[in-house]
Q: 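Pasting a structure below so you can have a look.
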Amino acid sequence: MTSAALRTRLRWEVGIVLALSFGASAVYAIVSIVERLTRDTALSQQTATINRPLSDRPVFDLVSQLLAFAFGLAPVALVVYLLWSGARPHLARLGLGRPPRARGAWWGREIGGGVLLAAAIGIPGIAFYLFAKAIGINATVVPTALDTAWWAVPVLVLQALRAALGEELIVVAYLCDRFRRLGVGPWATIVSSALLRGSYHLYQGFGGFIGNVVMGVVFGWAYQRWGRALPLIVAHWVLDIVSFAGYPLALALWPALFAAPAG
């Protein structure tokens, strides 16, 4: 296969992967923000719910939530298949597996780095969300409406894992590999990845877009610098677990800040 044919094939591949995952989410989010902006109600008085019931019958809701988790990992499985290497570590092109010349419990260091990264992103992120909501450029984000179900927390942990695996392996690791093979420079890749991350969060408002672009730049730079996906996955998972499972507590402690607008 010639280099030109290979580049064409890779462009089609990237387009298909994104159409099956976060590219489609970005299109829906853009339509959503346009719809929100054309309502009579101000954006700051609207609500964006992330995890909502899928059935009004608890047993079928649980089954549907688990199916959504399982099938939501299909695009991740696709990029694992596409970037699988016959040699160990098999997922090196996705930044997973034992790093070269690693010693000892390398995974412990990467997990610890992910927790620190979550703290560095999460604390300013909460402050920025409240600021964006206060100045009217963001909807009120309700991380979950599943708090009455006994299985809510385990399901929310799984949904957080799905989001972390999907976003970090597709939007960062996969795009980094494919863009590099297409001759795209590191910073163009970081910015493109960050803008994509921000765009599929536009359903939350412009604060969600800006905050996720900043997060995308930080995560993209970290991946370009160290080539490791596990810290990003851990950081994203921790952030979403705290957001999803901690929302009822935040609502109870600070209802004026986190409650959905009346009516």
Side-chain angles (χ1 to χ4, degrees), residues 14 17-18 21-23 25-26 73 75-76 79-80 82-85 89-129 160-202 204 207-244:
V14 170
V17 168
L18 293 181
S21 58
F22 296 100
S25 299
L73 290 177
V76 177
V79 300
V80 167
L82 291 170
L83 270 65
W84 183 270
S85 173
H90 300 298
L91 296 179
R93 289 193 290 169
L94 282 173
L96 295 173
R98 178 180 287 273
R101 298 179 296 277
R103 296 180 180 180
W106 57 270
W107 49 269
R109 292 189 292 272
E110 294 197 354
I111 290 173
V115 173
L116 292 175
L117 182 58
I121 292 290
I123 295 172
I126 294 173
F128 180 74
Y129 162 72
L161 178 60
R162 182 186 69 171
L165 289 171
E167 294 189 43
E168 306 318 323
L169 291 182
I170 296 174
V171 178
V172 179
Y174 168 77
L175 287 185
C176 181
D177 179 87
R178 285 335 199 202
F179 280 15
R180 181 170 57 247
R181 294 187 65 183
L182 288 168
V184 180
W187 274 106
T189 299
I190 291 171
V191 171
S192 299
S193 172
L195 289 174
L196 174 61
R197 188 188 296 262
S199 66
Y200 57 74
H201 286 92
L202 267 171
Q204 300 175 6
F209 172 80
I210 296 169
N212 278 279
V213 167
V214 173
M215 176 178 170
V217 170
V218 174
F219 277 31
W221 175 86
Y223 189 80
Q224 291 280 358
R225 175 66 176 82
W226 290 289
R228 305 301 300 163
L230 182 57
L232 307 185
I233 294 169
V234 170
H236 194 141
W237 195 15
V238 169
L239 287 169
D240 279 3
I241 289 174
V242 172
S243 174
F244 296 170

Q: Any idea how H90 and W84 line up, ring-wise: parallel (<30°), tilted (30 to 60°), or perpendicular (>60°)?
A: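 H90 and W84: parallel rings.
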
Q: Which atoms form the tightest heavy-atom contact between A235 and A118, and what is the distance?
A: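 Closest pair (atom of A235, atom of A118, distance): O-CB, 3.6 Å.
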
Q: May I ask you to decide if A188's main-chain N or O and S192's side chain share a donor-acceptor pair within less than 3.5 Å?
A: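 Yes.
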
Q: Quick one: are V218 and L117 in side-chain contact, heavy atoms under 4.5 Å?
A: yes

Q: Can any side-chain N or O of S243 pair as donor or acceptor with the backbone N or O of L239 at less than 3.5 Å?
A: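 Between the backbone of L239 and the side chain of S243 there is no qualifying donor-acceptor contact (under 3.5 Å).
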
Q: Are any of the side-chain nitrogens in R197 or E168 under 4.0 Å away from the carboxylate oxygens of its partner?
A: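 A salt bridge links R197 with E168.
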
Q: Find the distance between NE2 (H236) and CG (L161) and round it off to the nearest 0.5 Å.
A: 10.0 Å

Q: Stepwise, does the side-chain contact (heavy atoms from CB on, under 4.5 Å) test hold for W237 with V115?
A: CA-CA 9 Å; W237 195 15; V115 173; over 6 Å; no

Q: List the steps and the verdict of side-chain contact (heavy atoms from CB on, under 4.5 Å) for F128 and V214.
A: CA-CA 11 Å; F128 180 74; V214 173; over 6 Å; no

Q: Working to the nearest 0.5 angstrom, can you tell me the gap between R225 CZ and I190 CD1?
A: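 Answer for the CZ-CD1 pair, R225 versus I190, is 12.0 Å.
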
Q: Closest heavy-atom contact between P124 and A119?
A: CD-O, 4.0 Å

Q: Quick one: which residue pairs count as a salt bridge (charged side-chain N to carboxylate O under 4.0 Å, His left out) with a foot in residues 172-192, not counting sequence neighbours?
A: E13-R178, D177-R180

Q: Between V171 and Y200, does a side-chain contact (heavy atoms from CB on, under 4.5 Å) hold up when you go through it step by step?
A: CA-CA 11 Å; V171 178; Y200 57 74; 3.6 Å; yes

Q: Provide the closest heavy-atom pair for C176 versus T189 in the form atom of the first, atom of the second, distance.
A: CA-CG2, 3.9 Å

Q: Quick one: pull up CZ in R98 and CZ in R103 and give me the separation to the nearest 0.5 Å.
A: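 So the gap between those two atoms works out to 11.5 Å.
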
Q: Which value, rounded to the nearest 0.5 Å, describes the distance between I170 atom CD1 and F22 atom CZ?
A: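 I170 atom CD1 to F22 atom CZ measures 5.0 Å (nearest 0.5 Å).
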
Q: Measure across R93 and L82 and return the closest heavy-atom pair with its distance rounded to 0.1 Å.
A: NH2-O, 3.6 Å

Q: Do you know which of L83, L169, V80 makes side-chain contact (heavy atoms from CB on, under 4.5 Å) with L96?
A: L169

Q: Just verifying a value: how many Å separate L18 CG and S25 OG, rounded to the nearest 0.5 Å?
A: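 If we round to the nearest 0.5 Å, L18:CG and S25:OG are 10.0 Å apart.
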
Q: Supply the atom-to-atom distance L94 CG to L230 CG, rounded to the nearest 0.5 angstrom.
A: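 Rounded to the nearest 0.5 Å, the CG-CG separation comes to 12.5 Å.
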
Q: The test is side-chain contact (heavy atoms from CB on, under 4.5 Å); show your working for Y174 and F179 and say whether it passes.
A: CA-CA 8 Å; Y174 168 77; F179 280 15; over 6 Å; no

Q: Would you name the heavy atoms of V213 and G198 that are closest together and state the gap between them?
A: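 Minimum heavy-atom separation between V213 and G198: CG2-CA, 3.8 Å.
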
Q: What's the shortest heavy-atom distance between Y223 and A173, and which atoms?
A: OH-CB, 3.6 Å

